[in-house]
There are 2 protein chains.
Amino acid sequence: MLNIALAQMEIIPGQPDKNAEKMLKFIEDAKNNHADMIIFPEMAIPGYLLGDTWEQPSFLEDCEAYGRDIIAASKDIVVLFGNIAIDKDKKNNDGRIRKYNAFFAAQDGKLIPPSGKSPYPFVIKTLLPNYREFDDTRYFYSLEKLARELNINTEELLAPVKINVSGKEYCIGCLLCEDGWSDDYALAPLSVLHEKFHPDFFVNISCSPFTLGKNDKRNRVFSAQSKEINAPLVYVNNVGIQNNGKTIYTFDGSSTVYSKTGATVHACPAFKETLSYVVLEDIAEENKSIDTTRKENQIEEIYNAVTYGIRHFLDSIRMKKVVIGISGGIDSAVASALYCKVLGPENVLLVNLPSRFNSDTTKGLAHRLAQNLACRYAVFPIQESVEHTISQIENISIQNLYDNTQEHWTVSDFNVENIQARDRSSRVLAALSAVFGGGFTCNANKAETTVGYSTLYGDQSGFLAALADLWKYQVYSLAEYMNDTVYGREVIPHETITLPPCAELSSKQNIDAGQGDPLQYPYHDYLFRSFIERWKKAAPEDILEWYVSGTLEDEIGCESGLVKKLFPTHKAFIDDLERWWNQFSGIAVAKRIQAPPVLAVSRRAYGFDHREAQNGPYYTRRYKQLKEKLLKSE
Amino acid sequence: MLNIALAQMEIIPGQPDKNAEKMLKFIEDAKNNHADMIIFPEMAIPGYLLGDTWEQPSFLEDCEAYGRDIIAASKDIVVLFGNIAIDKDKKNNDGRIRKYNAFFAAQDGKLIPPSGKSPYPFVIKTLLPNYREFDDTRYFYSLEKLARELNINTEELLAPVKINVSGKEYCIGCLLCEDGWSDDYALAPLSVLHEKFHPDFFVNISCSPFTLGKNDKRNRVFSAQSKEINAPLVYVNNVGIQNNGKTIYTFDGSSTVYSKTGATVHACPAFKETLSYVVLEDIAEENKSIDTTRKENQIEEIYNAVTYGIRHFLDSIRMKKVVIGISGGIDSAVASALYCKVLGPENVLLVNLPSRFNSDTTKGLAHRLAQNLACRYAVFPIQESVEHTISQIENISIQNLYDNTQEHWTVSDFNVENIQARDRSSRVLAALSAVFGGGFTCNANKAETTVGYSTLYGDQSGFLAALADLWKYQVYSLAEYMNDTVYGREVIPHETITLPPCAELSSKQNIDAGQGDPLQYPYHDYLFRSFIERWKKAAPEDILEWYVSGTLEDEIGCESGLVKKLFPTHKAFIDDLERWWNQFSGIAVAKRIQAPPVLAVSRRAYGFDHREAQNGPYYTRRYKQLKEKLLKSE
């Protein structure tokens with residue numbers, strides 16, 4: 001009987017000392033619970049998303065030293081774990097230290113090398129991911145490169161590890177490879193291992209961030225595969241958060257065991273550090289799955305990921321208090337309800353910052369939100385300061401020293417819009433949060449972030465953009481979910497959900513007169529999503545082709561009939577498309593460069609996950625031809 | 001006789017239409033000048049640093065279509081050029097469209113496929129760089145991967161292109177590979193080509209950003225290699241700027257031709273679009289080099305790169321006017337002199353923004369700087385606004401709705417420092433630049449950027465951080481160079497250069513009393529450089545080891561004897577090291593995430609070139625042991 005402990009631990013990236021300490025504790029616990037084997041996730045010692053800390057030799061050697069501690073602790077238990085491995089004798093061809101993302105197996109205080117032809121006593125990661133947020137190929141030498149160098153087939157390096165427990169030999173297929181999105185590709189190493197060696201079971205150690213919908217897909221893929229190869233599969237993933245600067249990822253763990261019939265026989269809870277156990281022989285033949293399907297309504301999954309991400313990010317930067325500017329609108333209301341849940345209402349200060357353009361309606365809604373949440377609240381009028389800035393600019397003379405003349409400048413209405421937004425954030429919220437001993441939040445959603453509908457150093461700023469990977473429709477769903485389920489009462493006022501979104505930065509943006517944002521979210525949410533979240537990113541040429549062929553709404557996933565309703569003419573449609581495409585590829589890029597970190601939820605978040613250059617908008621030749629034809633036909 | 005035109009063109013990234021148009025014009029010019037062959041740089045049609053625009057299929061197909069126009073234009077001339085190539089029939093293993101960074105040769109309106117075993121009519125880039133700012137492995141399928149897939153040696157795909165001009169056949173070794181830093185590695189494909197095929201000459205097309213000192217090194221390497229293989233080498237690189245969001249790179253061109261004796265026989269000027277000519281037979285045997293060595297004093301090279309970068313970045317975002325906050329200190333003075341040179345003094349507004357902490361000394365220096373530059377100038381006191389903010393915060397009552405109490409908060413001296421910095425940038429400079437119709441600059445240097453010695457939404461903000469890849473000593477050199485050589489008179493006041501740097505944000509930072517910044521630049525510049533610019537990045541463990549062994553000053557390159565002078569005790573040394581390491585890996589990361597784009601000069605700039613995560617500081621076990629031993633010995 002092989003009693004296996006799954007260590008779904010929280011890994012703290014960049015802190016090998018803390019991770020190793022926890023691993024030693026988990027090993028002790030597992031031994032006390034009579035486990036024969038404990039399995040830790042990928043890169044359990046260093047963490048995974050470390051940026052160029054991977055280029056500090058002293059850090060790498062420190063991780064190896066802690067790795068030796070873990071190996072030494074493998075007395076009376078088999079320990080499988082992920083760590084970085086260095087080959088000091090071999091350099092990368094470009095002169096950097098050669099590093100491997102490695103899978104170690106240890107028993108009786110010693111490493112158990114894999115069978116086969118590997119020159120190393122560890123298994124090397126294969127299929128290094130080089131898309132989305134991953135930079136594996138920047139840092140890690142791959143199994144494929146090593147195979148080429150040794151002039152052997154990659155398969156020769158994919159050999160299993162053989163262990164002996166209580167007189168019985170187990171042949172374990174050790175997998176350390178991409179596991180997420182692309183079925184056949186990611187599972188190739190498993191098939192190779194199976195065909196060549198027929199291991200008794202497979203272990204896949206992973207450090208795989210949460211993405212909406214990923215877990216269900218992974219379950220489908222792994223289940224089908226373990227059935228096909230007729231062997232149990234143990235998948236161990238970590239929890240916690242990791243970031244690469246511009247984007248913060250949550251890790252949901254969701255470690256799972258599949259029997260040889262493809263049944264899901266054990267599943268660790270999402271977003272929770274656990275040490276749990278399965279007995280291999282007990283589950284190997286099981287053919288009944290436990291229920292792991294996540295709710296069809298994804299909003300619960302979003303709520304869990306976002307609150308987990310906020311909580312852990314605040315912990316990681318040791319921030320205990322936040323200030324939130326609230327307008328009476330939906331985004332800041334949702335942010336307020338989230339942060340109050342995470343930090344407790346006494347650690348959240350909501351501030352309403354009215355200028356003369358803010359309606360009694362939204363001021364009243366802001367106040368009601370604060371009352372409902374029973375947190376800290378202040379009203380901080382900005383009109384006086386804004387007028388001071390305007391009058392200072394208009395009264396101070398600009399000296400033109402090149403011709404000894406003087407000038408006075410005039411502030412336009414558009415200038416005043418941005419002056420207000422910056423006054424709120426950079427003058428008031430930044431100062432208030434410093435006095436409070438915390439930070440202030442950025443409440444931008446993904447649609448605004450896509451087209452830069454925000455003011456730099458104004459509402460674009462903050463220490464974290466927790467909602468910036470959620471489309472407006474998801475923000476609304478989250479509001480309703482929190483009222484209905486999380487709080488069980490109306491904390492976000494009903495009118496905040498039903499009023500049209502409006503910035504209230506000028507007399508033209510009068511919410512009481514029904515004048516809202518220029519964004520038509522039920523259409524633009526989906527249009528923008530096609531620019532960023534598809535594998536094959538849509539650009540105006542695609543959009544126009546779909547428009548012409550009548551498949552646009554299907555392709556982008558918005559409500560049927562909406563396009564005709566919003567855009568009575570081809571010209572209106574094209575003008576709208578170009579307006580937002582210009583923003584998306586123009587000023588919005590400049591704003592995103594200076595935007596706060598985004599908490600990732602979707603399969604493509606802004607930041608490091610979506611790399612972009614400040615190159616300006618571009619229209620293909622074919623787009624221009626399509627457009628000309630369309631406009632002529634009208 | 002083969003008359004070769006080197007098209008050192010300015011490539012506009014992401015604008016295939018403009019690039020193709022210019023290429024067609026260059027082809028016409030070359031034909032008029034009786035060229036038999038014209039050579040364009042790598043990725044001449046799409047540009048190179050495009051971020052995930054590489055994932056827009058319509059963009060890729062547009063580039064291919066413009067490529068067909070270039071091929072069609074190869075009548076009576078051989079055209080060699082770089083472009084993206086798609087293989088629609090093959091996918092990357094992970095489902096994305098397969099793309100190659102490709103080298104095309106065309107003649108008589110048709111492609112000339114390379115000889116050898118390639119399945120494609122173009123040459124594929126090899127040795128995709130996966131360090132620094134490069135993301136090649138994210139986007140492009142490599143020659144090595146293709147070779148593995150075809151089950152052939154990589155050499156089989158490195159075959160030359162054979163062309164026929166006026167009845168004579170030329171065998172051309174076409175190189176598209178990393179060319180910069182690591183000699184043997186990058187030149188391997190050249191050696192392979194040479195040994196296997198003995199081409200008549202080699203062509204290396206490139207898109208290689210400027211880095212301080214890179215050109216001299218490249219000349220040494222290429223010269224030695226062309227001598228060794230006894231064949232001429234034609235290197236064609238582009239000019240212009242390209243960016244990946246957080247970092248902006250200049251491309252200096254510096255296209256060069258080497259004879260078979262290793263002599264540098266032709267060199268295009270740096271940072272200049274040129275179409276120039278060499279006759280192969282005339283230069284092939286030449287053994288006398290022209291002088292291409294750059295000035296030993298690197299400051300001219302820095303000045304050229306920085307002004308080129310500023311000019312082209314402003315052009316690319318269509319910005320014609322800037323506002324610069326000037327303190328009387330060195331960084332803002334150097335920025336002012338640079339921007340006045342680039343834009344003309346009438347398009348530059350210098351603004352001095354004194355609070356009560358600013359001395360008459362620095363206010364006077366600011367005024368003198370503006371007079372010397374004869375640009376626009378204004379004095380914009382911030383004291384009233386700062387006091388308004390303080391009193392507003394202290395007077396408004398915070399309502400604690402959870403227990404129905406009220407509070408009043410007090411603003412600390414430290415809070416006031418940051419309130420001033422944000423008042424200057426986000427309230428005044430942002431508004432003024434919007435009224436002026438331009439942007440405002442970030443004047444931070446690399447030492448400040450390293451440790452976050454700046455205020456977010458304050459002096460950290462701006463549309464471009466043009467000096468943020470220059471250490472303080474380089475900023476001083478630039479000031480002297482501009483006074484002595486560029487302007488030929490004292491535009492930056494002498495006292496601005498000699499006064500100790502000081503933020504003047506509190507009564508404790510009194511410049512007239514000699515109280516300056518906490519940074520000791522002659523040491524910290526070099527300490528910080530070791531954290532970021534070395535291939536093997538230094539961390540506290542390395543620094544302490546060097547300190548103990550007495551090699552620290554040698555290792556980091558600062559003045560000898562300085563460390564003992566600055567730090568009388570081990571404890572003082574360690575406290576300083578930990579103070580700045582904590583800042584560097586802590587709050588400074590958070591600030592850099594929201595910092596403006598950095599103009600790259602060094603071999604490692606902040607931004608995309610130095611990837612980092614907000615993970616907090618870390619000290620290795622060995623560091624802690626060294627430290628303990630050292631402190632005990634005292």
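Throughout, protein chains are lettered first and strands after them, A, B, ... in sequence-line order, and every chain is numbered starting at 1. For clarity, every value in this text was computed on a predicted model and none was experimentally measured.
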- Task: State whether the side chain of B/Gln392 and the backbone N or O of A/Pro381 hold a donor-acceptor pair below 3.5 Å, judged by distance alone.
- Result: yes
Comparing B/Pro57, B/Ala539, B/Ala434, B/Ala147 against chain A, the one with the most heavy-atom pairs below 4.5 Å turns out to be B/Pro57
Exercise for review: Decide yes or no for B/Tyr402 and A/Arg376: does some side-chain heavy atom of the first lie under 4.5 Å from some side-chain heavy atom of the second?
Suggested key: yes
Salt bridge (Lys or Arg N to Asp or Glu O under 4.0 Å) filter on A/Glu394, not counting sequence neighbours, yields none
Review point. Are any of the side-chain heavy atoms of A/Lys624 and B/Asp17 separated by less than 4.5 Å?
Key: yes
Next on the checklist: Quick check: do A/Lys246 and B/Lys246 have side-chain heavy atoms less than 4.5 Å from each other?
Outcome noted: yes
Are A/Lys145 and B/Glu144 ion-paired here, with the side-chain N under 4.0 Å from a carboxylate O? no
**Prompt:** Heavy atoms, side chains only, cut-off 4.5 Å: are A/Ile398 and B/Phe380 in contact?
**Reply:** no
Looking only at A/Ala595, A/Pro617, A/Gly458, A/Gly607, the option with the highest number of non-hydrogen pairs under 4.5 Å against chain B is A/Ala595
Does B/Asp423 come within less than 4.0 Å of A/Arg427, counting only side-chain N to carboxylate O?
no
Exactly one of A/His610, A/Arg534, A/Arg604 clears side-chain hydrogen bond (donor to acceptor under 3.5 Å, both in side chains) with B/Glu55, and that residue is A/Arg604
Check your understanding: Going by an N to O cut-off under 4.0 Å, is there a salt bridge joining A/Asp62 and B/Arg622?
Key -> no
- Side-chain heavy atoms of B/Arg422 within contact of A/Tyr457, under 4.5 Å: no
Applying salt bridge (Lys or Arg N to Asp or Glu O under 4.0 Å) to A/Glu612 and not counting sequence neighbours gives A/Arg592
CZ of B/Phe436 to CD1 of A/Ile393, rounded to nearest 0.5 Å, is 13.0 Å
Notebook entry, point to check: Are B/Arg621 and A/Tyr66 in a cation-pi contact, defined as NZ or CZ under 6.0 Å from the six-membered ring centre and within 45° of the axis?
Noted result: yes
Exercise. Mind checking whether B/Thr53 and A/Asn615 have side chains closer than 4.5 Å, heavy atoms only?
Worked result: no
**Study point:** Residues A/Ile97, B/Trp535; criterion side chain to side chain contact (heavy atoms under 4.5 Å, CB included); working and verdict
**Key:** CA-CA 9 Å; A/Ile97 289 180; B/Trp535 260 137; over 6 Å; no
Query raised in the report: Heavy-atom distance under 4.5 Å between the side chains of A/Arg611 and B/Arg138, does that happen here?
Result: yes
From the list A/Ser385, A/Ala378, A/Pro16, the residue making the most non-hydrogen contacts under 4.5 Å with chain B is A/Pro16
Greatest number of non-hydrogen atom pairs under 4.5 angstrom with chain B, of A/Val411, A/Leu50, A/Ile419, A/Leu60, falls to A/Leu50
Are the side chains of B/Pro596 and A/Gln594 in contact, using a 4.5 Å heavy-atom criterion? yes
